[in-house]
Amino acid sequence: MSSDHYLSIPTPTDFSFKECLVYLNRSSQEVLHKAEGELIIKLLNVNQSFVLIKIRSKENAIIAELPFGKVNKETGDLITKYIHEWFDLNKDMTDFYAMAQNDPVLTNIVSRHRGLRIVGIPDLFEALTWAVIGQQINLTFAYTLKKRFVEHFGKSFEYDGQLYWLYPDCHQIASLDVSHLKKLQFTTRKAEYVIGIAKSIVSRAITKEALLQMDYEGMKNSLMKLRGVGAWTADYVMLRCLLQPQAFPSADIGIHHALRKHLELDQKPTTNYVEELSKKWGDWRAYAAFYLWRSQLE
DNA sequence: AGCCAGGTGTACA
DNA sequence: TGTACACATGGC
């Protein structure tokens, strides 16, 4: 059910737009979308054109309103695909909920936030570089760096008196010099990693399509060939971008804090301990991770 | 003021 | 294979 001016995208059972909103709203410095109450406004790049979408939820559907109307079928399909990946709509969560119900760590968290899915980052370049930006710095500063990065190198579109931003294009970032990013307070290493990743994407040394053909181990190894991408980043990208249910960033400090709280440990768990613990979640480790992150908000 | 942060690469046993 | 350490800079 769609028209020129909106797309209606059916949502599965056990989907909560509100839970996604909490995650999307976790930083007031986010520049890649704006939240107005129950509405999310975002600028997309669809076949090199700006497309502004206003997203809201209705019973059993997400409505994507297109204020400028008139998109052709191909564009509509691409927007729909993006939203499916953004909100992880293609997943049947039944087995996860059955498993979580009997899991001492997950049972409370999952029942409290039921309907939450992974909030995805469909673009591979964005997912990789956002992960690298966030390495070894606190999330507040990570968002500061991302905002500077986007506002310096991304394109914007003004709507209703507000600026909406696209994530920078990998071709432009590939042509930068380390000094350009150091001015934004990137460390030398981080600047090298981001530029290097941009070059790998431009040269198609790594592509989302090829990664999606691989199994978990192959995918992880391929990602880790990129300089600056270690185990944590590889799993983070497999979780947020490639929507791999087995992905689990064991070294993640947010997961460590969450587990410390829920298991009432007197200190942070070690990465090895967390890695071992995660194995009991099997092919649902990514969802365990996401719910653990969610449990630290609000 | 000093520890910590959504880690990674490198050196070395 | 496993551990130690530099990196660099802001947040709190």
Side-chain angles (χ1 to χ4, degrees), chain A residues 22-32 109 116 118-121 124 126-152 167 178-200 206 217 220-244 247-262 265-278 285-298:
Chain A
V22 173
Y23 189 81
L24 288 169
N25 278 325
R26 96 203 120 123
S27 171
S28 57
Q29 293 199 87
E30 177 60 68
V31 273
L32 296 180
I109 304 172
L116 177 69
I118 288 169
V119 176
I121 303 175
L124 179 63
E126 180 188 335
L128 274 165
T129 49
W130 166 233
V132 167
I133 286 170
Q135 289 170 357
Q136 188 54 20
I137 58 175
N138 63 68
L139 215 44
T140 307
F141 184 44
Y143 273 104
T144 300
L145 288 183
K146 172 168 135 177
K147 186 167 193 287
R148 286 180 192 155
F149 183 61
V150 169
E151 291 181 347
H152 272 79
Y167 201 72
V178 166
S179 62
H180 295 124
L181 293 178
K182 288 190 78 170
K183 282 182 202 153
L184 310 186
Q185 245 79 49
F186 282 51
T187 62
T188 305
R189 214 61 74 209
K190 203 162 274 196
E192 290 171 357
Y193 295 164
V194 166
I195 293 168
I197 287 167
K199 288 177 175 168
S200 296
I206 194 155
E217 291 299 332
K220 187 162 178 173
N221 290 334
S222 297
L223 287 165
M224 287 179 65
K225 285 182 183 141
L226 299 169
R227 191 168 152 77
V229 176
W232 175 86
T233 305
D235 273 302
Y236 185 89
V237 168
M238 286 189 285
L239 195 165
R240 299 284 316 269
C241 179
L242 303 167
L243 299 178
Q244 297 300 296
F248 189 88
S250 307
D252 187 86
I253 193 70
I255 290 175
H256 291 193
H257 286 318
L259 285 173
R260 176 181 176 174
K261 185 170 86 178
H262 298 302
L265 308 174
D266 15 310
Q267 51 188 347
K268 280 185 308 185
T270 65
T271 297
N272 283 339
Y273 173 83
V274 174
E275 173 71 17
E276 287 305 311
L277 181 70
S278 75
R285 297 158 90 209
Y287 292 85
F290 209 81
Y291 272 81
L292 286 166
W293 282 331
R294 173 64 183 84
S295 74
Q296 298 294 89
L297 300 173
E298 296 181 316

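The structure presented is a predicted model; accordingly, all values stated were derived computationally and were not measured. Throughout, protein chains are lettered first and strands after them, A, B, ... in sequence-line order, and every chain is numbered starting at 1.
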Side-chain (A:Gln185) to main-chain (A:Thr144) donor-acceptor, under 3.5 angstrom: no
Separation of atom CG in A:Leu139 from atom P in B:dA5, rounded to whole Å: 12 Å
Gap between atoms CZ and P, on A:Arg227 and B:dT8 respectively (whole Å): 13 Å
Atom-pair distance (CG on A:Leu226; C1' on B:dT8), nearest Å: 13 Å
CD1 on A:Ile109 to CZ on A:Arg294, rounded to 0.5 Å: 10.5 Å
Atom-to-atom span, CZ of A:Arg260 to C1' of B:dC4 - whole angstrom: 13 Å
Carboxylate-amine/guanidinium contact A:Arg189 A:Glu192, below 4.0 Å: yes
Distance-minimising heavy-atom pair for A:Ala286 and A:Gln244: CB-O, 3.4 Å
Sugar-phosphate, base or nothing in reach of A:His257, heavy atoms under 4.0 Å: sugar-phosphate
Sugar-phosphate, base or nothing in reach of A:Phe290, heavy atoms under 4.0 Å: nothing
Whole angstrom value for the distance that separates C1' of B:dG9 from CD of A:Gln135: 11 Å
P atoms of B:dG2 and C:dA8, separation to the nearest Å: 23 Å
Sugar-phosphate, base or nothing in reach of A:Ala231, heavy atoms under 4.0 Å: sugar-phosphate
Heavy-atom pair of closest approach, residues A:Arg148 and A:Phe141: NH1-CE1, 4.4 Å
Sugar-phosphate, base or nothing in reach of A:Val229, heavy atoms under 4.0 Å: sugar-phosphate
pair A:Lys225-A:Ile206: side-chain heavy atoms closer than 4.5 Å: no
Atom P, compared across C:dG10 and B:dG9: separation rounded to whole Å: 23 Å
5' precedence on DNA chain B between A:Lys268 and A:Gly228 (nearest-nucleotide basis): A:Lys268
Rounded distance [0.5 Å steps], OH in A:Tyr193 versus OG1 in A:Thr188: 10.5 Å
B/S/- contact track for nucleotides 6-12 of chain C, protein heavy atom under 4.0 Å: --BSBSS
Interatomic distance where CD belongs to A:Glu192 and P belongs to B:dG9 [whole Å]: 11 Å
Distance, rounded to the nearest Å, where A:Tyr236 contributes OH and B:dT8 contributes C1': 17 Å
